[in-house]
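What follows is a short report on a single structure.
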Amino acid sequence: MNIAANIADDSEVDDGVGLALFADAPRSVSFNKLRKRLLRQVRQAFDDFDMLKGQKRWLVGLSGGKDSYGLLALLLDLQWRGLLPVELVACNLDQGQPNFPKHVLPDYLTKIGVRHRIEYRDTYSIVKEKVPEGATYCSLCSRLRRGNLYRVAREEGCDALVLGHHREDILETFFMNFFHGGRLASMPAKLLNDEGDLMVLRPLAYAAEDDLAKFAAAMQFPIIPCDLCGSQDGLQRNAMKDMLADIERRMPGRKDTMLRALSHVNPSHLLDPKLFDFSTLGVTDPS
């Protein structure tokens, strides 16, 4: 199904009255434009990466941050409009962080009528124990969280784990690999896990972080800060975020240009002989 072909123009898309999640949303022109832009970007990602192929049930990772709240809201919006024929199960992994407000997410999800599962696993203590002082928590924390979400997805009979990574996450990861890993790689919008039994989907791949922040503020999501990665300064990802923000300030529109570049790769103009067989190149004998 070509989702993008079903995108109504700005004058045709209604304001979602009747969807509980949007009952208290602003009715302003600016909010409606923001909402429609995000919906179009999600549907474009569906089309470009064939995310709906054979899918029946998705596990939506919900951290309590602005991005995952926005992801869930947009998926519910599309589902309500009849453009997402997939069952959704929201899942929060309670990682045992001190002072984590355990009631916030289940209360919110119950209020808006979303099927959900709250899974407790004390990965916080493991990360604090295993990661040396001064090292970053992100890598180990991410692996532990992802492994548990894969397990929950299988137990819930889901075809895919759906995550809230956005445009900036993808660009920051690219430049982290570029500067620190010596390779050209980023977060794919669609990925098959190592076991080959689950897809990992990132429908917000085209969405700007600033737009998601504005969306979250307008929707008044009950944001829960992360006391683990949020407690560290000087992270490589923060440096990449600052660099990209500076480039965007000096040359507006560069983030979108860089994102387009990731989908227009010319292997013959790079230096990887595994991607392009340079040995076959040669001057044709005119005789």
Side-chain angles (χ1 to χ4, degrees), residues 1-5 7 37 40-55 67 135-136 138-140 142-143 146-147 150 159-211 235-287:
M1 176 174 62
N2 189 326
I3 300 288
I7 299 175
R37 179 165 63 250
R40 283 196 297 269
Q41 289 167 341
V42 170
R43 287 179 282 188
Q44 192 62 56
F46 285 173
D47 279 350
D48 288 351
F49 303 102
D50 203 10
M51 290 186 180
L52 299 184
K53 183 178 181 180
Q55 299 290 299
D67 306 324
T136 59
C138 297
S139 179
L140 178 58
S142 177
R143 289 200 303 273
R146 187 70 56 85
Y150 283 160
D159 310 295
L161 170 62
V162 188
L163 302 173
H165 296 120
H166 47 65
R167 180 187 70 177
E168 276 71 12
D169 289 323
I170 290 172
L171 292 175
E172 290 160 17
T173 301
F174 174 81
F175 281 106
M176 285 175 67
N177 285 320
F178 185 74
F179 287 126
H180 301 286
R183 61 195 180 104
L184 299 181
S186 186
M187 289 179 174
K190 182 178 181 181
L191 172 73
L192 182 64
N193 70 338
D194 290 341
E195 293 78 9
D197 64 337
L198 287 170
M199 301 301 302
V200 178
L201 305 176
R202 296 183 172 96
L204 298 181
Y206 296 145
E209 184 175 15
D210 283 349
D211 278 351
L235 299 178
Q236 292 176 355
R237 184 170 291 276
N238 290 343
M240 298 301 103
K241 182 182 291 291
D242 291 343
M243 180 193 73
L244 287 166
D246 180 61
I247 292 172
E248 187 71 14
R249 277 193 299 270
R250 291 186 289 110
M251 296 178 286
R254 293 313 96 185
K255 286 183 179 180
D256 283 336
T257 300
M258 286 186 274
L259 194 70
R260 286 198 301 273
L262 294 182
S263 62
H264 294 83
V265 179
N266 191 339
S268 69
H269 285 58
L270 296 174
L271 303 176
D272 191 342
K274 296 186 296 295
L275 291 180
F276 185 81
D277 187 2
F278 292 95
S279 66
T280 62
L281 293 180
V283 176
T284 302
D285 186 348
S287 62

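The analysis underlying the following values was restricted to heavy atoms, covering all of them including side chains, and did not include hydrogens, waters or symmetry mates.
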Checking Leu161 against Arg146 for the side-chain contact (heavy atoms from CB on, under 4.5 Å) test, could you report, in this order, the C-alpha distance in whole Å, the side-chain angles of both residues, the deciding distance, and whether it holds? CA-CA 9 Å; Leu161 170 62; Arg146 187 70 56 85; 3.6 Å; yes
Apply side-chain contact (heavy atoms from CB on, under 4.5 Å) to the pair Leu171 and Leu262, showing each step before the final yes or no. CA-CA 9 Å; Leu171 292 175; Leu262 294 182; 4.3 Å; yes
Test side-chain contact (heavy atoms from CB on, under 4.5 Å) applied to Leu204 and Val42, step by step: CA-CA 6 Å; Leu204 298 181; Val42 170; 3.8 Å; yes
As a quick check of understanding, evaluate side-chain contact (heavy atoms from CB on, under 4.5 Å) for Gln55 and Met199, giving each step before the final call. CA-CA 9 Å; Gln55 299 290 299; Met199 301 301 302; 4.1 Å; yes
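Here the shortest heavy-atom pairing between Asp197 and Leu192 reads N-CD1, 4.4 Å. When all heavy atoms of Gln41 and Ala207 are compared, the closest pair comes out as OE1-CA, 3.4 Å. Between Gly164 and Asp67, the shortest heavy-atom contact is O-CB, 3.4 Å. Smallest separation of non-hydrogen atoms from Leu163 and Pro203: O-CD, 3.8 Å.
Listed by chain and residue number, nothing satisfies the salt bridge (charged side-chain N to carboxylate O under 4.0 Å, His left out) test with Asp210 (two or more places apart in sequence, or in another chain). For Asp211, the salt bridge (charged side-chain N to carboxylate O under 4.0 Å, His left out) test picks out Arg37, with sequence neighbours left out. Partners of Arg249 according to the salt bridge (charged side-chain N to carboxylate O under 4.0 Å, His left out) rule, which considers only residues two or more places apart in sequence or in another chain, are Asp246. Every residue meeting the side chain to side chain contact (heavy atoms under 4.5 Å, CB included) condition with Val265, not counting sequence neighbours, appears here in chain and number order: Pro267, Leu270. For the salt bridge (charged side-chain N to carboxylate O under 4.0 Å, His left out) test, no residue two or more places apart in sequence or in another chain qualifies with Glu248.
Here NE2 of His269 is found 9.0 Å from CZ of Phe276. Values are rounded to the nearest 0.5 Å. Annotation: the span from Met243 atom CE to Met240 atom CE amounts to 5.0 Å, rounded to 0.5 Å. Rounding to the nearest 0.5 Å places CG of Leu198 at 10.5 Å from CG of Leu191. Here the CZ atom belonging to Arg167 is positioned 10.5 Å from the CD atom belonging to Glu172, to the nearest 0.5 angstrom.
Ion pair Lys241/Glu168 not flagged as a salt bridge, since none of the NZ, NE, NH1 or NH2 atoms sits closer than 4.0 Å to an Asp/Glu carboxylate oxygen.
Residue-environment remark: CG (Leu281) exceeds the threshold of 12 foreign heavy atoms within 6.0 Å.
Using a 4.5 Å heavy-atom threshold, the side chains of Met258 and Leu244 count as touching.
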Using residues 174-190 as the side-chain source, report each donor-acceptor pair under 3.5 Å to any protein atom, sequence neighbours left out, with the distance given to one decimal.
| unit_1 | atom_1 | unit_2 | atom_2 | d |
| --- | --- | --- | --- | --- |
| Asn177 | OD1 | Arg183 | NH2 | 3.2 |
| Asn177 | ND2 | Thr173 | O | 3.2 |
| Asn177 | ND2 | Ala185 | O | 2.8 |
| Ser186 | OG | Ile170 | O | 2.5 |
| Lys190 | NZ | Phe49 | O | 3.2 |
| Lys190 | NZ | Asp50 | O | 2.9 |

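The backbone N or O of His166 lies less than 3.5 Å from a partner atom in the side chain of Asp169, making a donor-acceptor pair.
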